[in-house]
A.B. asks: 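Here it is, the structure in full.
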Amino acid sequence: MARVSQAHLDARRRQIVGAAARCFARNGFHATSMQDILRESELSAGAVYRYFRSKEELVEAIAVEAFAGIRTAFEDAARTTPPPTPDLLIGRVMRRMLVDEVPGGDRQAFARLVVQVWTETLRNERLAATLDEGYDTMRAAWARLVRAYREAGLMESQVDPDHVARTLIAAAQGFIVQQALFGDVRVEILEDGLRALMSMRNSKIS
């Protein structure tokens, strides 16, 4: 029997995760069954269960892949001199999450999927641990970028890097929630808003 290559196994795993993401985004996590995912993936039960034993494992895989994509975007930015400003960087990350890699091209449905994953962390300890790890990774990445901003003379030295990290993560999360609830929220809106806020200057009011 011919040995199956790792590339084939990885491609099959991505096929299953993609099918699950489309189902969850379209119908919601709890309304989706494993049978729905089997039909969407066009694979046998044995092929799917070889990789994932439950919907919970598929949700965890989707969360891990999302954080991996975000981490890559941050790492790429950190290697740029000077690093991209926050408006450009968050825009890049949001495009990667909500435009470039959206299953079926439905940004609102995919944003709803992300919100569902966040909600599941309230009842799924393993998923909560995955989310915590991803959040800590993003905070650390932003902290490194704040130091790079300082070295490039783009940010005041007294700013706490973690405060900047938490604020910008909150902006990204809020943007995803807007997309989930209202739809048709273009990434350019977030970029323009952040750019306008970044242009403000402190002034004393008499």
Side-chain angles (χ1 to χ4, degrees), residues 10 12-43 45 47-74 90-139 141-142 165-187 189-190 193:
D10 292 343
R12 180 58 56 84
R13 186 180 188 279
R14 286 193 300 272
Q15 179 181 353
I16 297 166
V17 171
R22 291 191 296 274
C23 286
F24 295 152
R26 185 167 59 239
N27 301 319
F29 176 72
H30 292 290
T32 297
S33 68
M34 286 299 288
Q35 287 299 319
D36 294 328
I37 296 169
L38 293 177
R39 284 193 294 271
E40 184 75 22
S41 68
E42 298 181 343
L43 295 172
V48 172
Y49 283 106
R50 175 180 181 179
Y51 295 87
F52 301 101
R53 293 173 293 180
S54 65
K55 290 193 300 183
E56 286 75 14
E57 288 190 2
L58 279 160
V59 172
E60 290 171 23
I62 291 168
V64 168
E65 289 194 5
F67 282 124
I70 294 170
R71 183 170 58 249
T72 298
F74 279 125
I90 289 188
R92 185 181 302 173
V93 172
M94 289 298 96
R95 282 190 180 86
R96 183 165 190 158
M97 284 188 65
L98 297 176
V99 179
D100 298 340
E101 299 182 4
V102 172
D106 189 334
R107 289 181 290 176
Q108 185 176 20
F110 188 71
R112 287 174 176 168
L113 170 61
V114 174
V115 173
Q116 286 183 73
V117 170
W118 292 341
T119 303
E120 281 300 305
T121 64
L122 301 177
R123 57 179 292 277
N124 184 324
E125 292 184 358
R126 286 182 56 184
L127 187 57
T130 299
L131 187 68
D132 286 344
E133 182 181 355
Y135 181 61
D136 290 342
T137 298
M138 285 190 288
R139 285 171 58 188
W142 267 114
R166 288 173 180 265
T167 300
L168 290 170
I169 291 169
Q173 290 174 318
F175 179 79
I176 291 171
V177 171
Q178 284 189 31
Q179 183 67 264
L181 294 177
F182 310 116
D184 195 28
V185 181
R186 294 178 293 107
V187 176
I189 294 173
L190 179 63

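Owing to the predicted nature of the structure, the values given are computational and were not obtained by experimental measurement. Just the heavy atoms: all of them, side chains too, but no hydrogens, waters or symmetry mates, feed the values below.
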A.B. asks: How long is the straight-line distance from CZ of Arg22 back to OG1 of Thr32, given to the nearest 0.5 Å?
C.D. replies: 12.0 Å
A.B. asks: Tell me, do Ile37 and Phe52 make a side-chain contact under 4.5 Å, heavy atoms counted?
C.D. replies: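 They are not in side-chain contact.
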A.B. asks: Working to the nearest 0.5 angstrom, can you tell me the gap between Asp36 CG and Arg39 CZ?
C.D. replies: 4.5 Å
A.B. asks: Report the distance from atom CD1 of Ile176 to atom CG of Leu181, rounding to the nearest 0.5 Å.
C.D. replies: 12.0 Å
A.B. asks: On a heavy-atom basis, which atom in Met34 and which in Ser54 lie closest, and how many Å separate them?
C.D. replies: SD-C, 4.0 Å
A.B. asks: Taking the side chain as every heavy atom from C-beta outward, state whether Gln179 and Met94 have any atom pair closer than 4.5 Å.
C.D. replies: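 No, side chains not in contact.
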A.B. asks: Return the CG to CH2 distance between Leu168 and Trp142, rounded to the nearest 0.5 Å.
C.D. replies: 4.5 Å
A.B. asks: Rounded to the nearest 0.5 Å, what's the gap from CD on Gln15 to CZ on Arg13? Could you check?
C.D. replies: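 Rounded to the nearest 0.5 Å, the CD-CZ separation comes out at 13.0 Å.
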A.B. asks: Just so I know, are the side chains of Leu127 and Glu56 near enough to count as touching, which here means a heavy-atom distance under 4.5 Å?
C.D. replies: no
A.B. asks: Could you work out, with side-chain contact (heavy atoms from CB on, under 4.5 Å) as the rule, every residue matching Asp10, not counting sequence neighbours?
C.D. replies: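 side-chain contact (heavy atoms from CB on, under 4.5 Å) check on Asp10 returns Gln6, Arg14.
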A.B. asks: Can you name the nearest heavy-atom pair linking Phe29 to Lys55, along with the distance?
C.D. replies: O-NZ, 3.1 Å
A.B. asks: Is there a donor-acceptor pair under 3.5 Å between the side chain of Arg112 and the backbone N or O of Ala180?
C.D. replies: yes
A.B. asks: Testing the basics here: between Leu43 and Ala47, what is the closest heavy-atom pair and its distance to 0.1 Å?
C.D. replies: CB-CB, 4.2 Å
A.B. asks: Over all heavy atoms of both residues, which pair between Ala172 and Ile90 is shortest? Give the atoms and the distance, please.
C.D. replies: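 Result for this residue pair: CB-CG2, 4.4 Å.
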A.B. asks: Check whether any side-chain heavy atom of Phe175 sits under 4.5 Å from a side-chain heavy atom of Val187, and report yes or no.
C.D. replies: yes
A.B. asks: How close do Val48 and Ser41 get, counting heavy atoms only, and between which atoms?
C.D. replies: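 Looking at all heavy atoms of both residues, the closest pair is CG2-OG, 3.9 Å.
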A.B. asks: Strictly by side-chain hydrogen bond (donor to acceptor under 3.5 Å, both in side chains), give each pair with a member in residues 117-133 just once, sequence neighbours left out.
C.D. replies: His30-Glu120, Glu60-Arg126, Glu120-Arg123
A.B. asks: Could you note down all residue pairs passing side-chain hydrogen bond (donor to acceptor under 3.5 Å, both in side chains) where residues 165-178 supplies at least one of them, sequence neighbours left out?
C.D. replies: Asp162-Arg166
